Amino acid sequence: MTSNANQYTWAGRFSEPVSDLVKRYTASVDFDQRMWRQDIRGSLAHAKMLAKQGIISAQDLADIERGMAVVAQEIESGQLAWSIDLEDVHLNIEKRLTALVGDAGKRLHTGRSRNDQVATDIRLYLRDSIDDIQLLLKAFRGALVDLAEKEAATPMPGFTHLQVAQPVTFGHHMLAYFEMFGRDAERFADARKRTNRLPLGSAALAGTTYPIDREFVAAELGFEAVCENSLDAVSDRDFAIEFTAACALLMMHISRLSEELVMWMSPRVGFIQIADRFCTGSSIMPQKKNPDVPELARGKTGRVYGQLMSLLTLMKSQPLAYNKDNQEDKEPLFDAVDTVTDTLRIFADMAGGITVRADNMKAALTQGFATATDLADYLVKKGLPFRDAHEAVGHAVKAAEAKGVDLPQLTLDEIRAFCPQVESDVFAVLTVEGSLASRNHIGGTAPEQVKAAIARARQRLG
Ligand code: ARG
C-alpha cells in the first residue's frame, strides 16, 4: 500500500506522506470503531445545534441526517470498509458521510475538533457501558440473594486464617459478597456522574468562534451538564481512570469469591459443586473436573489492575491540553469494560448453578472446635471474666484434642475439670445450631437474621 499525503484532511500543510509504518502506528480505527454509534449520535446532536444556531442550513442538517442513517446502516451490516488511511472512527465516518451527501458532510466539523469529539464519544460509550454493567451487577447480586435464601440456615465453618473459626450459615457467607458487590454498584453510579458531562464545544482546546449552544447539545445527548473548562474537557481522562478503578475493585471482589469457589470445589473440601457447564476436564487425567471459570476470573483480575495502571500512567505528567498519548486510553478502557461485562454475565449464571454439600460442611464443623467461643461466652454469662473463660476453654480444647473429639463430645465432668461453673445446659450452647441461633442481632449469622437480611437485600435491589 502506498501512502498519499493528499488522502489526509490536513494534506494541505504537508509536503510528504507518512510511511505505512507511521500510519499503522498512529491509527486508532482498529479499536475505536466500536464507538461508531456514539460518534454518530454525537455528530447528529452537533449538527442539530449548528442548524438551530443558523451556523449550517436546515438543508445541510437534513442531508447530514439522511447520510448518517445510511452510514449507520452500512456499519451495522458490515458493509463500510474501515480504512487506516483515515486514521480513526471519526474521520472514517465523516469521509463516508461526505461521499454520500457532499458539502453538508464537509460542514459537519464546523465549530468542532476531534479532540472534543473523541472525548464526547468516550464519555457516551462509557456511560452506556456503566448502564450495562449496572444491569449485570443487579442480576448477579439477585442470584447471590437467591442462593443465600436457599441456604439461609445451612451451617458451614466460618474461617479466619483458613482455620475453622466459628459456625456461620452459607447464606450469611453469600450475603457478605452481596454487600461487596453493592458497594461496587455504588462506585459505578458515582463514576457515572462525573462521566456524564459534555466536552463538545471545547473544540481543539480553547473553545470556538461560532455562536454554539452547548447546553442544547448536552440535553440532546442526555448529559447532566457541560464540562466547564475547554482545556480540561479535551484532555483529562480521570473519569475513565475512576471507572477502571471501580472495575479493579470489583474484580478484586470477584477474585475473592473465585478463590473460595475453587477451594470449596476441591475434592479435599467438597463444600459445593458448580454446574458442569462452568468446568472443564483434563486432557490427560480422566477424573478431573476443573473450576476453570472462577480460576480464569481470578487471573483476569490482574489484567484489569494492569489496565488501571496503564491509564494512570498514560495520564501522568501530561501537559494541557490534548496530546496524542490520549489515544492510548481506549484499549485499556475497552478491555476493562469487556472483562468486567463478561465476568459479571458468567458469574450471574454460575451463582445459579452452585449446589451446596451441607453434609461436608457439617462434617468440617466438627473438626475445628468451632463452638469454643460459645463455651467461653457461656462461662462469662456464669460470671467469669472473659479472659479467664478464654483460658479455661483453651484447656478444655486441649483435652478434647488429646481425646480426638470435638467439644460437645466431652462429658460434663471432663468439661468441669477446667470450667467448674458448667452445668448440663452447656450442651445446647455447644451445638452448631445453638451457636448460630445465639448470634441474633443485625449483621449476625443467626438464620433468623440472615432471613431478615435477605428481605432487606431484595428491597435494596428494587
Ligand atoms: N484518534 C484520536 C484519539 O483517539 C482522535 C483525536 C485526534 N486529535 C488529534 N489532535 N490528533 O485520541
Side-chain angles (χ1 to χ4, degrees), residues 3 5 7-14 17-43 46 71 75 80 82-98 106 108-129 195 197-208 227 229-241 243-244 307 310-338:
S3 294
Q7 288 171 318
Y8 286 95
T9 56
W10 48 83
R13 169 81 175 77
F14 288 72
V18 297
S19 72
D20 282 349
L21 177 59
V22 169
K23 198 194 295 177
R24 186 164 59 73
Y25 194 72
T26 54
S28 56
V29 66
D30 284 349
F31 49 83
D32 66 17
Q33 59 180 265
R34 75 154 75 187
M35 301 192 301
W36 67 267
R37 282 194 177 81
Q38 289 76 16
D39 195 70
I40 290 178
R41 233 195 288 165
S43 287
H46 179 68
V71 176
I75 298 174
L80 189 111
W82 298 101
S83 163
I84 68 160
D85 289 330
L86 297 165
E87 196 176 308
D88 53 28
V89 63
H90 324 292
L91 293 178
N92 270 269
I93 288 178
E94 188 186 317
K95 182 84 176 202
R96 181 65 192 131
L97 175 73
T98 302
K106 293 188 197 161
L108 172 62
H109 211 54
T110 312
R112 171 176 94 164
S113 153
R114 275 184 304 153
N115 296 351
D116 58 344
Q117 186 179 358
V118 70
T120 302
D121 290 4
I122 301 166
R123 284 172 184 262
L124 285 172
Y125 185 88
L126 194 51
R127 194 181 72 188
D128 291 347
S129 301
T195 301
R197 306 269 164 85
L198 176 77
L200 213 60
S202 303
L205 74 164
T208 178
C227 297
N229 182 286
S230 62
L231 294 162
D232 172 47
V234 290
S235 63
D236 205 349
R237 298 290 185 262
D238 60 352
F239 62 91
I241 297 173
F243 166 82
T244 310
Q307 311 302 12
S310 296
L311 289 174
L312 279 168
T313 313
L314 167 71
M315 205 67 239
K316 178 183 178 295
S317 311
Q318 260 198 61
L320 296 181
Y322 176 89
N323 302 282
K324 184 75 170 179
D325 311 41
N326 280 343
Q327 182 168 289
E328 283 286 304
D329 63 353
K330 288 168 206 66
E331 286 161 294
L333 182 63
F334 294 161
D335 192 72
V337 167
D338 291 348

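From a predicted model like this one, the values you see are computed outputs, not experimental measurements. Atoms within each ligand, like the ligands themselves, are counted from 1 in listed order.
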Can you find a non-hydrogen atom of Gln117 under 4.0 Å from ligand 1?
no
Write out the residue and atom name of the closest protein heavy atom to atom 5 (C) of ligand 1, then the distance separating them to 0.1 Å.
Asp88 OD2, 3.4 Å
For ligand 1, is there an N or O atom under 3.5 Å from any N or O atom of Asn326?
no
Counting heavy atoms only, which of Asn115, Leu205, Leu91, Asp121 comes nearest to atom 10 (N) of ligand 1?
Asn115
Ignoring hydrogens and angles, state whether a donor on the side chain of Tyr125 or Arg34 is under 3.5 Å from an acceptor on the partner side chain.
yes
Please identify which atoms of ligand 1 are closer than 4.0 Å to at least one heavy atom of Ser28.
1 (N)
Nearest protein heavy atom to atom 11 (N) of ligand 1, by residue and atom, and its distance?
Arg114 NH2, 3.7 Å
Kindly indicate whether the side chain of Gln327, heavy atoms from C-beta on, has any atom under 4.5 Å from the side chain of Glu87.
yes
the protein heavy atom lying closest to atom 2 (C) of ligand 1 turns out to be Gln327 OE1, 3.3 Å
Looking at atom 12 (O) of ligand 1, what's its closest protein heavy atom, distance included?
Tyr322 OH, 2.5 Å
Between ligand 1 and Lys324, is the shortest N or O to N or O distance under 3.5 Å?
no
Closer than 4.0 Å to some heavy atom of Lys330 - which atoms of ligand 1 meet that?
3 (C), 4 (O), 12 (O)
Going by atom types alone, do Asn92 and Gln33 pair a side-chain donor with an acceptor below 3.5 Å?
no
So Ile75 and Trp82, do their side chains get closer than 4.5 Å, heavy atoms only?
yes
Assess whether atom NZ of Lys316 is packed by more than 12 heavy atoms of other residues, nucleotides or ligands within 6.0 Å.
no
